[in-house]
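Every value quoted in this text rests on a predicted model; they were computed, and no experiment measured them.
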Amino acid sequence: MRAANDDRIHISAAGVAAEIDPFGAELGVLRDGDGRDLLYDGNPRWWTGRAPLLFPVVGALAGGAYRLGRELWRLPQHGFARHSQFNVEAREPASVTLRLRENEETRGVYPFPFQLDVTYAVADAALSVRARVTNRGRRPMPVALGFHPAFRWPLPYGGAREEHELEFGAPEPGKVFRPDGDGLLIGPRRTPVGADGRLPLNDDLFVDGAVVFKELASQRVTYGVRGQRRIVVDFAGMPSLGVWSKPGAQAPFVCVEPWQGYADDAPLPGDPPKPRDLFDRPGMIELAPGQSHAFGMRVSLVDA
């Protein structure tokens, strides 16, 4: 269960403060040095999430299931970490590490011994998030992981909602994909990113749900209004990105989501969804016994 405000873990440093919920190891609050909120507050009118952690899969599975050899396993969209209670392993004024290991519940949907350590740290007016996954078992383990932070839209730095945009760190001429009614990807479609690397944000952009970049050249996205203070999201090593807001709702947030992995493709019209082998799902990383892999994201501010 999501923690009450008093049970969240508070970390702070000059220029930034954050609160982390042990349930889901989810970032619940992110504020600048003047106490202005940068993260969406989870208002259930629109969406109860704030910055869920996606593990051990990202996105929806065809038929809501996957295969391991001849066995069929069911797993919800984005996995189970966001609905799991993490233990606090280390805590300092400016950092905290939370841990999730396999348990009876996870073994029923993902039969692998694992360890997921998530470290939040603040310094130099920035928040860094590092997630390290370790294979604790005796056989190879497939894994994906994604970040899902929802930033306020508009930001508290001036400029109208319709003036907000994403500026990509590199040209993005490739195609994008969209989810169908089951969260499976359809496309490709023409990219909405301009030749200047800018993606204007408006509610029409999200009528068909998230904008999914399966392969991204950029390792950085800047969000906000030109001429005002903006948020920079760095995600070196994360090859995919989702951009999402609640369709048709004038929702006060936009999610900038660095991913390793993404949803299965939708089947052809008239074909039933066919669960894939988990090792063959898009973007999955295979960890050998005892092997670890780290995923990271950094959120900072840049002045006009």
Side-chain angles (χ1 to χ4, degrees), residues 1-11 18-30 39-42 44 47-61 64-66 68 73-91 95-121 127-137 141-150 183 238 242 244 255 257-263 278 281 283-285 287 291-297:
M1 179 180 294
R2 193 182 300 276
N5 290 352
D6 290 344
D7 295 326
R8 291 185 191 150
I9 299 163
H10 299 250
I11 59 174
E19 297 177 9
I20 297 92
D21 191 339
F23 186 76
E26 184 175 5
L27 179 68
V29 171
L30 181 63
L39 200 71
Y40 168 64
D41 64 1
W47 180 52
T48 58
R50 299 166 189 249
L53 191 67
L54 317 182
F55 170 87
V57 296
V58 175
L61 286 75
Y66 67 87
L68 286 174
W73 295 78
R74 303 200 68 81
L75 187 63
Q77 178 172 300
H78 295 325
F80 52 74
R82 58 185 176 148
H83 302 305
S84 298
Q85 186 71 33
F86 284 64
N87 294 320
V88 178
E89 292 297 310
R91 184 173 181 177
S95 67
V96 63
T97 297
L98 304 103
R99 175 173 294 172
L100 177 67
R101 284 184 171 177
E102 78 281 355
N103 54 51
E104 183 177 354
E105 184 175 353
T106 69
R107 284 189 288 266
V109 294
Y110 181 69
F112 297 95
F114 70 88
Q115 180 170 300
L116 171 58
D117 290 318
V118 184
T119 299
Y120 291 88
L127 169 75
S128 65
V129 189
R130 180 180 175 87
R132 177 175 289 277
V133 181
T134 302
N135 180 357
R136 291 176 7 95
M141 181 179 80
V143 64
L145 188 139
F147 302 105
H148 199 309
M238 305 291 283
W244 176 72
C255 295
E257 309 175 37
W259 294 340
Q260 174 68 59
Y262 47 84
L278 190 58
R281 286 197 74 244
M284 301 296 289
I285 292 176
L287 297 182
Q291 184 181 6
S292 297
H293 188 90
F295 309 84
M297 175 183 71

- Query: Of all residues at least two apart in sequence or in a different chain, which pass the side-chain contact (heavy atoms from CB on, under 4.5 Å) check with Ala150?
  - Reply: Tyr40, Trp47, Phe253, Cys255
- Those residues at least two apart in sequence (or on a different chain) that pass side-chain contact (heavy atoms from CB on, under 4.5 Å) with Ala90 are Thr97
Contact check, side chains of [X] and [Y], non-hydrogen atoms, under 4.5 Å:
X      : Y      : result
Arg50  : Glu26  : yes
Phe114 : Leu287 : no
Pro149 : Leu27  : no
Val143 : Leu116 : no
Arg281 : Val57  : yes
Phe86  : Ile20  : no
Glu105 : Phe80  : no
Arg99  : Gln115 : yes

- Item | side-chain contact (heavy atoms from CB on, under 4.5 Å) between Leu98 and Ile9, intermediate numbers included | CA-CA 10 Å; Leu98 304 103; Ile9 299 163; 4.1 Å; yes
- In terms of ring plane angle, is the pair Tyr66 and Trp73 parallel, tilted or perpendicular, where the classes change at 30° and 60°? parallel
Which atom names give the shortest non-hydrogen contact between [X] and [Y], and what distance separates them?
X      : Y      : result
Asn103 : Leu100 : ND2-CD1, 4.3 Å
Met284 : Pro56  : CE-O, 3.8 Å
Ile11  : Ser95  : CG2-N, 3.7 Å
Ala263 : Gly183 : CB-O, 3.4 Å
Gln85  : Pro22  : NE2-CB, 3.5 Å

[X] [atom1] to [Y] [atom2] distance, which is reported to the nearest 0.5 Å:
X      : Y      : atom1 : atom2 : answer
Ile285 : Met141 : CD1   : CE    : 10.0 Å
Leu127 : Met297 : CG    : CE    : 6.5 Å
Thr134 : His293 : OG1   : NE2   : 11.5 Å
Phe23  : Arg82  : CZ    : CZ    : 10.5 Å
Phe295 : Arg132 : CZ    : CZ    : 10.0 Å
Leu75  : Leu278 : CG    : CG    : 8.0 Å

- Ion pair present between Arg8 and Asp21, side-chain N to carboxylate O less than 4.0 angstrom? no
Under 3.5 Å donor-acceptor, [X] side chain and [Y] backbone:
X      : Y      : value
Gln260 : Met238 : no
Asn135 : Gly137 : yes
His148 : Ala51  : no
Tyr120 : Ala25  : yes

- Query: How far apart are the C-alpha atoms of Leu54 and Phe147, what are their side-chain angles, what is the distance that settles it, and do they pass the side-chain contact (heavy atoms from CB on, under 4.5 Å) test?
  - Reply: CA-CA 6 Å; Leu54 317 182; Phe147 302 105; over 6 Å; no
- Residues which pass side chain to side chain donor-acceptor pair (under 3.5 Å) with Gln77, listed by chain and number, not counting sequence neighbours: none
